[in-house]
S.K.: 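Please see the structure below; I have some questions.
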Amino acid sequence: MPELPEVEAVKRGLDQSIVGKHVTAIEVMWSKIMRHDDIEAFKQSLIGQVCQRIDRRGKFLLIYFDTHVLLSHLRMEGKYFLCDKEQPVHKHTHVILELDNQEELRYHDVRKFGRMELLEIGQEFQHPSLTKLGPEPTQATFSPHVIKEYLSGRTTAIKNILLDQRMVAGIGNIYADEILFDAYVHPEMSAAEITDEEIQQLYYSIISIMQAAIKAGGSTIRSYANMFGEAGHYQAYHQVYGKDGEHCSRCGTIIEKTKVGGRGTHFCPNCQRKRGA
DNA sequence: CACTCACCCTGTGCGC
DNA sequence: TGCGCACAGGGTGAGT
């Protein structure tokens with residue numbers, strides 16, 4: 001389940017492994033990965049182009065070529081691998097970009113949830129998936145004030161707001177739970193009931209958890225690995241995600257698991273109190 | 001507009 | 001050992 005820190009690690013891997021290389025051929029084995037009806041047109045647009053740079057917005061990867069940009073979302077289990085042409089193709093490999101020097105960039109996705117779409121450069125800024133995104137957590141335009149504005153008048157649970165990419169981009173289920181624990185906020189707290197003090201704390205927790213996770217190369221829970229097949233290390237710092245039944249590191253209370261907005265949610269019932277009704 | 005929920009997928013892990 | 005089923009979850013789109 002790549003979230004911002006994991007996608008950032010993939011981005012850095014792509015930076016090192018495919019920038020400057022050119023696409024000689026393309027194979028698409030599972031066409032639903034591609035948001036295009038016309039796979040041939042997709043191939044024709046990309047073949048022959050050189051990869052110029054890699055960018056990331058929230059959990060989206062932007063792989064820039066000469067005239068087009070490949071917008072890619074890994075969703076739950078999407079992965080990119082660079083490998084030699086001779087290596088056997090895994091059954092969950094769905095797209096192959098053949099590169100120079102007998103190399104291939106392979107997209108692998110067990111659950112086939114990931115999506116990619118080729119756009120003409122410039123179009124990406126009008127793409128609905130990207131225009132809807134809020135600021136990056138580390139961007140100066142993200143501030144406690146932005147959070148406050150976003151929460152006012154909303155009745156939904158604070159966790160749903162963190163998962164909503166419009167306020168701030170890149171938080172997924174794991175980091176939402178970790179952030180709320182760090183900020184001493186109950187995941188089901190109604191957005192409008194969050195105090196200014198808690199908003200301030202949430203702001204700091206969002207930034208510090210995301211930065212620490214990026215530094216650790218993300219979290220590996222089930223299957224996440226970077227371009228080089230390496231696991232992330234941030235899972236060693238998880239305080240609540242996947243810790244239900246274990247003791248809270250701060251107070252010893254048993255961590256509970258529940259569902260919020262249909263997502264598995266982990267929290268400490270003592271550190272994260274629900275106020276009011 | 002705000003909110004909820006089904007959908008897309010397959011491997012894993014549980015209960016029996 | 002094996003079968004059936006709930007579960008995992010991000011974004012999208014339909015429905016209320």
S.K.: A:Arg263 has a side chain; which of C:dT12, C:dG9, B:dT4 sits nearest to it?
M.R.: C:dG9
S.K.: Please state how far atom CD in A:Glu77 lies from atom P in C:dG11, giving the value in whole angstrom units.
M.R.: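 Those two atoms, CD and P, are 15 Å apart.
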S.K.: Which nucleotide sits closest to the side chain of A:Thr156: B:dT4, B:dC9, C:dT12?
M.R.: B:dT4
S.K.: What is the separation between atom CD on A:Gln165 and atom P on C:dG11, rounded to the nearest whole Å?
M.R.: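 A:Gln165 atom CD is separated from C:dG11 atom P by 4 Å.
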S.K.: Is the cationic atom of A:Arg111 (NZ for Lys, CZ for Arg) positioned less than 6.0 Å from the six-membered ring centroid of A:Phe113 and within 45 degrees of its normal?
M.R.: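 Yes - A:Arg111 lies over the ring of A:Phe113, closer than 6.0 Å to its centre and within 45° of its axis.
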S.K.: Hey, does the side chain of A:Lys59 come within less than 4.0 Å of C:dG9's phosphate (OP1/OP2), counting only N and O?
M.R.: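 For C:dG9, neither OP1 nor OP2 has a side-chain N or O of A:Lys59 closer than 4.0 Å.
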S.K.: Given C:dG10, B:dT4, C:dG11, identify the nucleotide with an atom nearest to the side chain of A:Leu163.
M.R.: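 Side chain of A:Leu163 sits closest to C:dG10.
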S.K.: On DNA chain C, compare the nucleotides closest to A:Lys132 and A:Phe113; which residue's is nearer the 5' end?
M.R.: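 With A:Lys132 and A:Phe113 compared, the 5'-side residue is A:Phe113.
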S.K.: C:dG10 C1' sits how many Å from A:Ile171 CD1, rounded?
M.R.: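 So the CD1-C1' distance, A:Ile171 to C:dG10, works out to 14 Å.
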S.K.: Just checking, is any N or O donor in the side chain of A:Tyr184 or A:Glu197 under 3.5 Å from an acceptor N or O on the other one?
M.R.: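 No pair is found: no donor N or O on one side chain lies under 3.5 Å from an acceptor on the other.
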S.K.: Regarding A:Arg35, tell me which of base, sugar-phosphate or nothing describes its non-hydrogen contacts under 4.0 Å with the strands shown.
M.R.: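 If one applies the 4.0 Å heavy-atom cut-off, A:Arg35 turns out to touch the sugar-phosphate alone, with no base involved.
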S.K.: With sugar-phosphate meaning primed atoms plus P, OP1 and OP2, does A:Arg154 contact a base, only sugar-phosphate, or nothing at under 4.0 Å between heavy atoms?
M.R.: sugar-phosphate
S.K.: Under 4.0 Å, counting only non-hydrogen atoms across every strand here, what does A:Gly264 touch: a base, just sugar-phosphate, or nothing?
M.R.: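 Since only primed, P, OP1 and OP2 atoms lie under 4.0 Å of A:Gly264, the category is sugar-phosphate.
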S.K.: Do A:Arg115 side-chain and C:dG11 base share a donor-acceptor contact under 3.5 Å?
M.R.: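 Check fails, no donor-acceptor contact within cut-off.
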S.K.: Does a nitrogen or oxygen in the side chain of A:His73 sit under 4.0 Å from OP1 or OP2 of C:dG11?
M.R.: yes
S.K.: What nucleotide among C:dA8, B:dT4, C:dG9 has an atom nearest to a side-chain atom of A:Asn160?
M.R.: B:dT4
S.K.: Please confirm whether the shortest side-chain N or O distance from A:Ser129 to OP1 or OP2 of C:dG11 is below 4.0 Å.
M.R.: no
S.K.: Looking at the side chain of A:Tyr241, which of B:dC9, C:dG9, C:dG11 is the nearest nucleotide?
M.R.: C:dG9
S.K.: With a 6.0 Å cut-off (strictly less than), is the heavy-atom count around NE2 of A:His233, excluding the residue itself, greater than 12?
M.R.: no
S.K.: In whole angstroms, how far is the P atom of C:dG11 from the CZ atom of A:Arg111?
M.R.: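 So the two atoms are 14 Å apart, to the nearest Å.
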S.K.: If you find the nucleotide of DNA chain B closest to A:Ile161 and the one closest to A:Trp30, which residue's nucleotide is nearer the 5' end?
M.R.: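 Upstream on the strand: A:Ile161.
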S.K.: Between A:Phe81 and A:Arg106, is there a cation-pi geometry (under 6.0 Å to ring centre, at most 45° from the normal)?
M.R.: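 Checked: cation-pi criterion not met.
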S.K.: Check the distance between C:dG11's P and A:Leu133's CG and give it to me in whole angstrom.
M.R.: 8 Å
S.K.: Find the distance A:Asp109:CG to C:dA8:C1' and express it as a whole number of Å.
M.R.: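 Whole-Å distance recorded here is 14 Å.
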S.K.: For the rings on A:Tyr175 and A:Tyr241, is their centre-to-centre separation under 6.0 Å?
M.R.: no
S.K.: Any idea which of B:dC3, B:dC9, C:dG10 is nearest the A:Lys32 side chain?
M.R.: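 Selected nucleotide (nearest to the side chain): B:dC9.
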S.K.: What is the separation between atom NZ on A:Lys257 and atom P on B:dG13, rounded to the nearest whole Å?
M.R.: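 Atom NZ in A:Lys257 sits about 13 Å away from atom P in B:dG13.
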S.K.: Which nucleotide sits closest to the side chain of A:Lys112: B:dC3, C:dG10, B:dC9?
M.R.: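 Per side-chain heavy atoms of A:Lys112, the pick is B:dC9.
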S.K.: Name the one of A:Glu198, A:Glu193, A:Glu188 that satisfies salt bridge (Lys or Arg N to Asp or Glu O under 4.0 Å) with A:Arg275?
M.R.: A:Glu198
S.K.: Starting at atom NE2 of A:His94, determine the distance to atom P of B:dC9, rounded to an integer number of angstrom.
M.R.: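 Taking NE2 of A:His94 and P of B:dC9, I get 10 Å after rounding.
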S.K.: The side chain of A:Val110 lies closest to which of these nucleotides: B:dG11, C:dG11, C:dG10?
M.R.: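 For A:Val110, the side-chain atoms sit closest to B:dG11.
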S.K.: Ignoring the backbone of A:His92, work out which of C:dG10, C:dT12, B:dG11 is nearest its side chain.
M.R.: B:dG11
